[in-house]
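Worksheet: the structure to be examined is printed underneath.
Counting starts at 1 for both ligands and their atoms, in listed order. These numbers come from the heavy atoms of this one structure, side chains and all, not from hydrogens, waters or symmetry mates.
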Amino acid sequence: MNVEISLEPKLSRIDHLFVLLTENADPGDLPSAIEPMVADAVERSRFAGRADESITILADEPRKLTIAGLGKRDELSFRRVRAALYSIGKVAHKQRDERIAIAFPYLLPDLDATATARLLAGAIAEIDYKYDNFMTQKKDEKRPVIEATLIPPAGLDKRAARAVQAEAAAIADGIRTVRDLGNAPSNVLTPTRLAERAQEVAKAIGIKCTVYGLREIERMKMGGLIAVNRGSAEEPRFIVMEYSPRRAKKHVALVGKGITFDSGGISIKPAEKMEEMKFDMCGAAAVIGTIEAAAKLAIPVKITGIIPSTDNLPSGSAYKPGEIITMMNGKTVEIVNTDAEGRMILGDALHYASKLKPDHLIDFATLTGACVVALGSEAAGLFANDDELAQKLIESGERAGERLWRMPAWDEYKDLIRSEWADMKNSGGRWGGASTAAVFLKEFVDCPSWAHLDIAGTAYMDETPREAKGATGAGVRVTIEFLESLSRS
Ligand code: BES
Ligand code: MN
Ligand code: ZN
């Protein structure tokens, strides 16, 4: 959805105006052009503002007015507003509205008008996302693109409004890339195709992208990536994207897990929900989408995106439990579970990234079921060897509406991946599974400021009241917010 921000939109051009109101709200903080109409509708319908309540009336200018409830004012949260916005998107599509306006006359808790408008504009820009590339029928119908105008709370000046609008559009583009990549089926989105998409994005934003194939990966001695790829009929890819703006003072390396399908390999997964493992490349997608958004926003930070990609399948040549693999950094790993493949490919990628000596190194991975058990889909797990970086990322997440929750990567967890035969095992079993995965990764990190985001629970969802089923774009918002904060400091 295209979003514009305007304090005084031309009501004659709007098909459908949506006004969000809390319980017993005083609609008086609305722009004067719409306040009387809203007050009248509220009064006559006895609208109370409960979270599940809405009324629609036919009017003149705009043609339709819907007032939707947000529940109690003191319980107002961005999550609740997102749910309301998501239903607005559905209603607008069903009613074939082409121009809508959404008025939100409050400040979100602890935020000023600009910060509130940023969250709202960002959410509106992606509320009507739907992946229908493979729907033979829907495609012909062609959903009209909805033009949305956000009527923000008072206190936002024109310049800030323009900046917020441009930022929302750039981030929405990046998130759309992530969601499209994540939702694509694994027969289509192979490692080769993922690399082509990275190159297409790089070309569109005018940055460099280098793609390495099997021969070069072998020459670089990426033992982890090669081992996981052995079971596959598809060649692996190692993708490096470089965004180097001239004024950059800091360099951040972003590493993303690019498993295009994770069957578990010889340690095969149960059939139930195995189809969800097409999303196992969402970390890679987050890297591509973040770089796309950062370049469109011209954020003055150098960013290198690093993506190891393969699928993980069983076959006669697949890597097996009991094998010992030598990784790119020379350390040896005893394979005890071929389903712990993400850390194998990330180990090599983190070593590669460390050699670039970035100021900060951040990886994104749908790494462990254990992280989903711990946090569900409310937050991504955050592990870091740098408290200051961890704190900055958590704060960026709060501002961006994307929560991170810190979990430990203490050295004690290394006991669980100790091997009799090699430097370490690739799995520490079930207990503390998210943390043992993190300390495994740490063995390949040579950078004093590293963070690992386990996005297994947040990268994709069943349909929630807040967003459509499938890939969510997890990682983009928080990382853009972090990069922006770096460029300010
Ligand atoms: N891709 C999975 C993790 C995952 C599980 C993501 C569920 C999203 C939802 C990862 O490769 C994996 O299989 N991890 C294993 C590790 C174990 C074998 C140590 C897991 O979490 O069970
Ligand atoms: Mn796995
Ligand atoms: Zn996996």
Side-chain angles (χ1 to χ4, degrees), residues 182-183 186 189 191 194 224-225 227-232 236 255-286 307-314 318-323 333-349 363-381 383 407 413-414 416-419 424-441 452-462 469-472 474-475:
N183 290 331
S186 68
L189 196 83
L194 179 67
L225 179 55
V228 176
N229 181 250
R230 265 179 26 219
S232 177
V255 172
K257 171 176 173 183
I259 295 287
T260 56
F261 184 75
D262 181 12
S263 72
I266 295 295
S267 315
I268 198 163
K269 289 180 183 292
E272 201 188 338
K273 297 227 168 160
M274 200 202 270
E275 71 278 8
E276 292 188 351
M277 285 299 121
K278 72 169 182 176
F279 293 115
D280 215 17
M281 35 55 66
C282 281
I307 295 168
S309 181
T310 173
D311 48 18
N312 182 25
L313 290 169
Y319 82 134
K320 305 176 291 299
E323 290 191 10
V333 178
E334 179 195 358
I335 304 303
V336 292
N337 191 325
T338 63
D339 198 9
E341 85 298 340
R343 61 198 75 181
M344 296 298 292
I345 70 169
L346 288 170
D348 287 338
D363 75 74
F364 305 83
T366 47
L367 200 63
T368 66
C371 188
V372 192
V373 171
L375 301 173
S377 58
E378 294 306 320
F383 303 81
M407 296 175 48
Y413 288 107
K414 280 205 281 192
L416 295 169
I417 54 169
R418 188 171 295 142
S419 165
M424 68 198 99
K425 300 191 291 191
N426 77 329
S427 163
R430 289 178 56 195
W431 310 133
S435 289
T436 52
V439 296
F440 180 98
L441 296 183
H452 155 58
L453 272 61
D454 193 333
I455 56 171
T458 56
Y460 61 94
M461 315 248 164
D462 282 338
K469 186 181 171 80
T472 59

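- Heavy atoms of K269 found under 4.0 angstrom from ligand 1 belong exclusively to the side chain.
- The protein heavy-atom contact nearest to atom 2 (C) of ligand 1 is D262 OD2, 3.6 Å.
- With a 4.0 Å cut-off on non-hydrogen atoms, K273 does not touch ligand 1 at all.
- Residues D454 and L375 are not in side-chain contact: their nearest non-hydrogen atoms beyond the backbone lie 4.5 Å or more apart.
- Proximity to T366 (heavy-atom distance under 4.0 Å) selects the following atoms of ligand 1: 1 (N), 2 (C), 3 (C), 6 (C).
- Inclusion of D339 in the first shell of the Zn ion (ligand 3) is not supported: no N, O or S atom falls under 2.8 Å.
- The shortest distance between side-chain heavy atoms of P321 and T338 falls below 4.5 Å.
- Protein heavy atom nearest atom 16 (C) of ligand 1, with residue, atom name and distance: R343 NH2, 3.7 Å.
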Task: Criterion side-chain contact (heavy atoms from CB on, under 4.5 Å) on L346 and H452, from CA distance to verdict - done: CA-CA 11 Å; L346 288 170; H452 155 58; 5.5 Å; no

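- Contact annotation for D339 and ligand 1: heavy atoms of both the backbone and the side chain come within less than 4.0 Å of the ligand.
- In terms of protein heavy-atom proximity, atom 7 (C) of ligand 1 is closest to M277 CE, 3.7 Å.
- You'll find the side chain of D280 reaches within 4.5 Å of the side chain of E341, heavy atoms only.
- By the 4.5 Å heavy-atom criterion applied to side chains, S309 and T260 are counted as neighbours.
- When all heavy atoms of P314 and I268 are compared, the pair lying nearest together is CG-CD1, 4.1 Å.
- A donor and an acceptor atom, one from each side chain of D311 and S232, are located under 3.5 Å apart.
- Shown here are the protein N/O/S atoms lying under 2.8 Å from the Mn ion (ligand 2), water excluded: D262 OD2, D339 O, D339 OD1, E341 OE1.
- Under a 4.0 Å N-O distance rule, the pair R230/E323 qualifies as a salt bridge.
- Other residues, nucleotides and ligands contribute only 12 or fewer heavy atoms inside 6.0 Å of the CD atom of E272.
- To the nearest 0.5 Å, atom OG1 of residue T436 and atom CE of residue M424 are 12.5 Å apart.
- The protein heavy-atom contact nearest to atom 18 (C) of ligand 1 is N337 ND2, 3.3 Å.
- Polar contact with ligand 1: absent for T368 (N/O pair, distance under 3.5 Å).
- Looking at I335 and M344, their side chains come closer than 4.5 Å, going by heavy atoms from C-beta outward.
- When the heavy atoms of V228, D454, D280 are ranked by distance to atom 1 (N) of ligand 1, first place goes to D280.
- At the Zn ion (ligand 3), the vertex angle linking OE2 of E341 with NZ of K257 is 90° (nearest 10 degrees).
- The part of Y460 lying near ligand 1 is the side chain, judged by heavy-atom distances below 4.0 Å.
- Here L367 has backbone heavy atoms under 4.0 Å from ligand 1, and that is the only part of it that gets that close.
- The shortest N or O to N or O distance between G369 and ligand 1 is below 3.5 Å.
- Atom 11 (O) of ligand 1 is flagged as protein-proximal [any protein heavy atom, distance under 4.0 Å].
- Rounded to the nearest 0.5 Å, atoms CZ (F279) and OG1 (T472) are 9.5 Å apart.
- The single protein non-hydrogen atom nearest to atom 19 (C) of ligand 1 is S427 OG, 3.2 Å, given as residue, atom name and distance.
- By the criterion of a heavy-atom distance under 4.0 Å, the side chain of K257, and not its backbone, is placed next to ligand 1.
- Side-chain N or O atoms of D262 include none that pairs as donor or acceptor with a backbone N or O of N312 at under 3.5 Å.
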TODO: List the steps and the verdict of side-chain contact (heavy atoms from CB on, under 4.5 Å) for E276 and D462.
DONE: CA-CA 10 Å; E276 292 188 351; D462 282 338; 4.3 Å; yes

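- Short contacts between ligand 1 and E341, defined as distances under 4.0 Å to a heavy atom of the residue, involve ligand atoms 11 (O).
- Residue contacts with ligand 1 for R430 are absent, since no atom lies close enough (heavy atoms, distance under 4.0 Å).
- A 4.5 Å side-chain heavy-atom check between S263 and M277 finds every atom pair outside the cut-off.
- Two residues are said to be in side-chain contact when any heavy atoms from C-beta on lie closer than 4.5 Å; Y319 and I266 fail this criterion.
- Of all N, O or S atoms in D280, the one lying closest to the Zn ion (ligand 3) is OD2.
- Checked against the Zn ion (ligand 3), the N, O or S atom of D262 at the shortest distance is OD2.
- Summary of contacts: the protein heavy atom closest to atom 6 (C) of ligand 1 is A456 CB, 3.7 Å.
- Side-chain atoms of F383 and L441, non-hydrogen and from C-beta on, never get closer than 4.5 Å to each other.
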